[in-house]
There are 2 protein chains.
Amino acid sequence: MLAKMSIQTDADLSAALRARGQRVTSQRLVIHRALRELERHVTADELLSAVSGRLPGVSLPTVYATLDLLEDLGAARRINAGGGALLYEAGGDEHQHFVCERCGRVEDLHTGLNARAALQAARNRGFEPHRADLVVSGLCADCASR
Amino acid sequence: MLAKMSIQTDADLSAALRARGQRVTSQRLVIHRALRELERHVTADELLSAVSGRLPGVSLPTVYATLDLLEDLGAARRINAGGGALLYEAGGDEHQHFVCERCGRVEDLHTGLNARAALQAARNRGFEPHRADLVVSGLCADCASR
DNA sequence: CTGGATGCAAACTCTTTGCATGCAT
DNA sequence: ATGCATGCAAAGAGTTTGCATCCAG
């Protein structure tokens, strides 16, 4: 099993893109950089706002397309929190998420849970699993105290 | 910790509704019954079709409202598979799901994985967790062989 | 009776698609 | 020069909301 190098810098991204025969554009570099610097869960829209300051004229479809691409490269992760918009975060460490059913807040959760059993169960069924996402839902501290 | 009785029959549902001071309507009974009998993951739309045969004139908003209610009662479970529509299944045994990234198929997965660690991690953060959902995504057998 | 539940229609949000232009290679 | 990537606009899907009517309690 080949461990894929994680993409961290602009140079990493450029190299990964070239390796796939895809183009290095300023939009891709800036979106990637913004995602990494925000260091939290962001919607495509929030990311667009963050990016527009640095590179005016970027469009939402481009943000979505770039996030798809980054996810493909392992540089971004899509979080389906269920409430409204999709969230994205920079790829990297393995962790799970907590979603508040009331206010929609999403927080990281480090459970130490091992997803290997789940992946293996999928393989046993003939599937080819790529990832396992665990989402805990309930009430966040603020909403619970009301 | 009080184990909530699982709702299985029309009588169970009627009792649970009355206990909450809510009304027992034919729509609620029929939708609940249809969900149980389908024994698979269905969209609100599919459920509407299934129900319309028995009780004409049911509307989609009512299906959604009833599914919300059933979920609240623990008689239904919402599955956020990410691809397009939400899915619902009758409440009952604990299991996880596999979603094909290509064709969107959703299958049950029995991993034996224990979510207690995840729930505990959430509690340690001050949250009040209600459930933990694990979704494995990748390619199903059919899509992988292409 | 009385108010919660329903049906209808429309709004709303987020995401994806089509097409002409532009820029990385 | 070549064709992938982008921007714009619009379509599309799914879910939710508002309001008048209806029926369970």
Side-chain angles (χ1 to χ4, degrees), chain A residues 10-11 13-32 34 41-49 51-52 54-73 76 78-88 101-102 104 106, chain B residues 10-11 13-32 34 41-49 51-52 54-73 76 78-88 101-102 104 106:
Chain A
D10 286 3
L13 178 56
S14 298
L17 286 171
R18 274 193 254 272
R20 292 171 41 134
Q22 295 186 276
R23 295 183 182 169
V24 179
T25 65
S26 48
Q27 286 89 341
R28 288 175 175 173
L29 292 172
V30 170
I31 289 169
H32 175 233
H41 318 111
V42 290
T43 62
D45 215 55
E46 289 169 336
L47 196 49
L48 176 61
S49 303
V51 158
S52 294
R54 306 188 202 183
L55 185 66
V58 180
S59 67
L60 201 47
T62 297
V63 174
Y64 278 108
T66 303
L67 285 169
D68 276 0
L69 179 61
L70 291 177
E71 190 178 29
D72 227 44
L73 295 170
R78 189 191 306 233
I79 309 165
N80 198 328
L86 294 172
L87 294 175
Y88 296 86
E101 292 165 349
R102 205 165 167 290
V106 177
Chain B
D10 287 3
L13 178 56
S14 299
L17 285 171
R18 275 193 255 272
R20 293 170 39 134
Q22 293 186 278
R23 295 183 183 170
V24 179
T25 65
S26 48
Q27 287 88 341
R28 287 174 176 175
L29 291 172
V30 169
I31 288 169
H32 175 232
H41 318 110
V42 291
T43 62
D45 215 56
E46 290 168 336
L47 196 49
L48 176 62
S49 303
V51 158
S52 294
R54 307 187 202 183
L55 186 67
V58 180
S59 67
L60 201 47
T62 297
V63 174
Y64 278 108
T66 303
L67 285 169
D68 276 359
L69 179 60
L70 292 177
E71 191 179 27
D72 228 44
L73 294 170
R78 190 191 305 232
I79 309 164
N80 199 327
L86 294 172
L87 294 175
Y88 296 86
E101 290 166 349
R102 205 167 167 288
V106 176

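Order of the sequence lines sets the chain letters (A, B, ...), proteins ahead of strands, with each chain counted from 1. All heavy atoms count here, side chains included; hydrogens, waters and symmetry mates do not.
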Would you call A:Q22 and A:R28 a side-chain contact if the rule is heavy atoms closer than 4.5 Å?
yes

Whole-Å gap separating P (C:dA24) and CG (A:L69)
16 Å

Reading nucleotides 20-25 of chain D from 5' to 3' and marking B where a protein heavy atom lies under 4.0 Å of the base, S where only the sugar-phosphate is that close, and - otherwise, the string is ----BS

Among A:I31, A:L69, A:L73, side-chain contact (heavy atoms from CB on, under 4.5 Å) partner for A:L13:
A:L73

Determine: side-chain N/O of A:T62 to OP1/OP2 of D:dT6, distance under 4.0 Å, yes or no.
no

A correct 5'-to-3' footprint of nucleotides 11-18 of chain D, with B, S and - meaning base, sugar-phosphate only and no protein heavy atom under 4.0 Å, is ---SBBB-

So, do A:L87 and A:V42 sit near enough that their side-chain heavy atoms are less than 4.5 Å apart?
no

Value in whole Å for how far the P atom of C:dT13 lies from CD of A:E46:
15 Å

Verify the contact: side-chain N or O of A:Q27 to OP1 or OP2 of C:dC23, cut-off strictly under 4.0 Å; return yes or no.
no

Minimum heavy-atom separation for B:A34 and B:V51, please, with both atom names.
CB-CG2, 3.7 Å

Working to the nearest 0.5 Å, report the span between CG of B:L47 and NE2 of B:H41.
13.5 Å

Rounded to the nearest Å, what distance is computed from the CG atom of residue A:L48 to the P atom of nucleotide D:dT6?
13 Å

Under 3.5 Å, side chain of A:T62 to main-chain N/O of A:V58, donor-acceptor pair present?
no

